[in-house]
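Notes follow the structure.
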Amino acid sequence: MNAKQAAGYRAAEWVKDGMTVGLGTGSTAYYAIEKIGEMVGNGLQIRAIATSKASEELAVKYHIPLIEAKDVDRLDLAIDGADEVDPQMALIKGGGGALLREKLVAINSDRFIVIADNGKMVSTLGRFKLPIELVPFCYEWTLRELKSRYDVPFEMRMQGDQLYVTDNGNYIVDAAFGQITDPARLSDELKAMTGVVEHGLFVGIAHTVVIGYEDGRTEIKEASCSNQ
């Protein structure tokens, strides 16, 4: 069992009969969905909302019943990965391009569990480039505004020789901020910009972090009440 599998399988233990669950996206979330699918095969009764087309296809493969947002007010639980996690449990997410759906699901869940291998734990966010989702209309103007405000490298995400398009039909620019010493302030600044749909800073959202290690061990971190 590798570190990602250890974290994903451990997080699945929080899923109980009758719950409505948010299914994350990415290589670590894959293992959580795999384990939940095994539990469903053994009789677990749940409903789920997937954060991407890829996760939706995986849920269908494992016969996990899927619903739409209109069918439920809130989720009992969401499980998702992260690209970076700092000591205050602030995250950078969006390496897989599903940040908007992931954040919508996370903030509408009674418990948001983050799963990550120990290599994703950092003292300060920013080693991983920060994804920022942009409206395609006049995105060049939004990018110009970002560059005028922040003296850091910005790179439009590509898929082959075309601009990468999210499941929501938007573009992503990846920003190399370096050390992000005040993620809450940067989060607010970016969210206030017209043309920015969402960004990959998840601050004060995670309730639990499950860290996996290559020897199969897991470590659990819980957020203090002040962070929620």
Margin query: Whether the side chain of S55 engages the backbone of G24 through a donor-acceptor N/O pair (distance < 3.5 Å, no angle test) should be reported.
Written below: yes

Note to self: Show the nearest heavy-atom pair for residues I79 and A32, with the distance to one decimal.
What the structure shows: CG2-CB, 3.9 Å

Check: If you group Ile, Leu, Val, Met, Phe, Trp and Tyr by side-chain heavy-atom gaps below 4.5 Å, do M156 and W141 land in one group?
Finding: no

Item checked: Value rounded to 0.5 Å, distance of OG1 in T28 from CG in D83 -> 9.0 Å

Item checked: Co-membership, hydrophobic cluster, residues L23 and I49, 4.5 Å side-chain -> no

Item checked: Minimum side-chain heavy-atom gap V209-I211 below 4.5 Å -> yes

Notebook entry, point to check: Between A206 and F112, what is the shortest heavy-atom contact and its length?
Noted result: CA-CD2, 3.7 Å

Item checked: Derivation of the side-chain contact (heavy atoms from CB on, under 4.5 Å) call for I92 and L201 -> CA-CA 5 Å; I92 286 182; L201 285 169; 4.0 Å; yes

I'd like a table of donor-acceptor pairs (distance under 3.5 Å, sequence neighbours excluded) in which one partner is a side-chain atom from residues 114-127, with atom names and distances.
unit_1 : atom_1 : unit_2 : atom_2 : d
D117   : OD1    : G119   : N      : 2.9
R127   : NH2    : G119   : O      : 3.2

Next item on the list: Would you please test E219 and K221 for salt bridge (charged side-chain N to carboxylate O under 4.0 Å, His left out) and show each step?
Entry: CA-CA 7 Å; E219 178 183 355; K221 292 183 177 291; 3.6 Å; yes

Next item on the list: Output yes when a side-chain donor or acceptor of D76 lies under 3.5 Å from a complementary backbone atom of S109, and no otherwise.
Entry: no

Checklist line | Working for side-chain contact (heavy atoms from CB on, under 4.5 Å), residues V203 and D188 | finding: CA-CA 10 Å; V203 183; D188 290 343; over 6 Å; no

Notebook entry, point to check: Are the side chains of P136 and V165 in touch, meaning some heavy atoms are under 4.5 Å apart?
Noted result: no

Note to self: Grouping I, L, V, M, F, W and Y whenever their side-chain heavy atoms are under 4.5 Å apart, do F154 and V196 come out in a common cluster?
What the structure shows: yes

Notebook entry, point to check: Can M39 be reached from V21 by stepping across I, L, V, M, F, W or Y side chains whose heavy atoms are under 4.5 Å apart?
Noted result: yes

Check: Which pair of non-hydrogen atoms, one from G22 and one from V105, has the smallest distance, and what is that distance?
Finding: CA-CG1, 3.8 Å

Notebook entry, point to check: Does the ring of F202 carry K93 above it, NZ/CZ under 6.0 angstrom from centre and within 45° of its axis?
Noted result: yes

Next item on the list: To the nearest 0.5 Å, tell me how far Y171 OH sits from L163 CG.
Entry: 5.5 Å

Notebook entry, point to check: With sequence neighbours left out, what residues match R111 under side chain to side chain contact (heavy atoms under 4.5 Å, CB included)?
Noted result: W14, L77, I113, H207, T208, E222

Check: Minimum heavy-atom separation for G216 to A6, with atom names?
Finding: O-CB, 3.7 Å

Next item on the list: Could you verify whether a donor N or O on one side chain and an acceptor N or O on the other, from R10 and T218, lie under 3.5 Å apart?
Entry: yes

Less than 3.5 Å apart, which donor and acceptor atoms pair up between the side chains of residues 57-68 and the rest of the protein, not counting sequence neighbours?
none

Margin query: Under the criterion side-chain hydrogen bond (donor to acceptor under 3.5 Å, both in side chains), I'd like the reasoning laid out for Y30 against Q5: C-alpha separation, chi angles, the key distance, then a yes or no.
Written below: CA-CA 8 Å; Y30 167 88; Q5 186 179 26; over 6 Å; no

Next item on the list: Only counting residues at least two apart or in another chain, list the ones meeting side chain to side chain donor-acceptor pair (under 3.5 Å) with D151.
Entry: none

Next item on the list: Taking the side chain as every heavy atom from C-beta outward, state whether R47 and M19 have any atom pair closer than 4.5 Å.
Entry: no

Check: Who else is in the cluster with Y164 when I, L, V, M, F, W and Y are joined by side-chain contacts under 4.5 Å?
Finding: L99, I172

Notebook entry, point to check: What pair of heavy atoms forms the shortest contact from A176 to V152, and how long is it?
Noted result: O-CB, 3.4 Å

Notebook entry, point to check: Looking at E189 and K191, does any basic side-chain N land under 4.0 Å from a carboxylate oxygen?
Noted result: no

Margin query: When you compare the side chain of E155 with that of V173, does any pair of heavy atoms fall below 4.5 Å?
Written below: no

Check: Does some side-chain heavy atom of R101 sit less than 4.5 Å from a side-chain heavy atom of S52?
Finding: no

Margin query: Counting only heavy atoms not in E140 (residues, nucleotides, ligands), do more than 12 fall under 6.0 Å from its CD?
Written below: yes

Margin query: Just verifying a value: how many Å separate E102 CD and L100 CG, rounded to the nearest 0.5 Å?
Written below: 9.5 Å

Margin query: For a quick test of reading the model, state the closest non-hydrogen atom pair linking D80 to A29 and the distance between them.
Written below: OD1-CB, 4.1 Å

Check: Do side-chain atoms of K129 reach the backbone of P153 as a donor and acceptor pair under 3.5 angstrom?
Finding: no

Notebook entry, point to check: Do we see a donor-acceptor contact under 3.5 Å between the side chains of N170 and E133?
Noted result: yes

Check: What about L91 and I220, same hydrophobic cluster or not, with Ile/Leu/Val/Met/Phe/Trp/Tyr joined at side-chain heavy-atom distances under 4.5 Å?
Finding: no

Next item on the list: Carefully, step by step, assess E214 and N2 under the rule side-chain contact (heavy atoms from CB on, under 4.5 Å).
Entry: CA-CA 5 Å; E214 286 301 324; N2 62 36; 3.8 Å; yes

Next item on the list: Count the heavy atoms belonging to other residues, nucleotides or ligands that lie under 6.0 Å from CG of D215, then report whether that count exceeds 12.
Entry: yes

Next item on the list: For side-chain contact (heavy atoms from CB on, under 4.5 Å), just list the numbers for L186 and L130, CA-CA rounded to whole Å, side-chain angles, deciding distance to a tenth of an Å, and then say yes or no.
Entry: CA-CA 11 Å; L186 180 58; L130 177 65; 4.2 Å; yes

Next item on the list: Answer yes or no: is there a donor N or O on one side and an acceptor on the other, between the side chain of E84 and the main chain of F128, under 3.5 Å?
Entry: yes

Check: Within the side chain of R157, is there an N or O that forms a donor-acceptor pair under 3.5 Å with the backbone of I132?
Finding: no

Checklist line | Side-chain touch T194/T142, heavy atoms, less than 4.5 angstrom | finding: no

Next item on the list: Taking only Lys NZ, Arg NE, NH1 and NH2, and the carboxylate oxygens of Asp or Glu, determine whether E13 and K35 approach each other closer than 4.0 Å.
Entry: no

Next item on the list: List for me each residue that meets side chain to side chain donor-acceptor pair (under 3.5 Å) alongside K53, sequence neighbours excluded, and say none if there are none.
Entry: none

Note to self: Less than 4.5 Å apart, side chain to side chain, heavy atoms only: is that true for Y150 and L190?
What the structure shows: yes

Next item on the list: Quick one: pull up CD in E56 and OG1 in T25 and give me the separation to the nearest 0.5 Å.
Entry: 10.5 Å

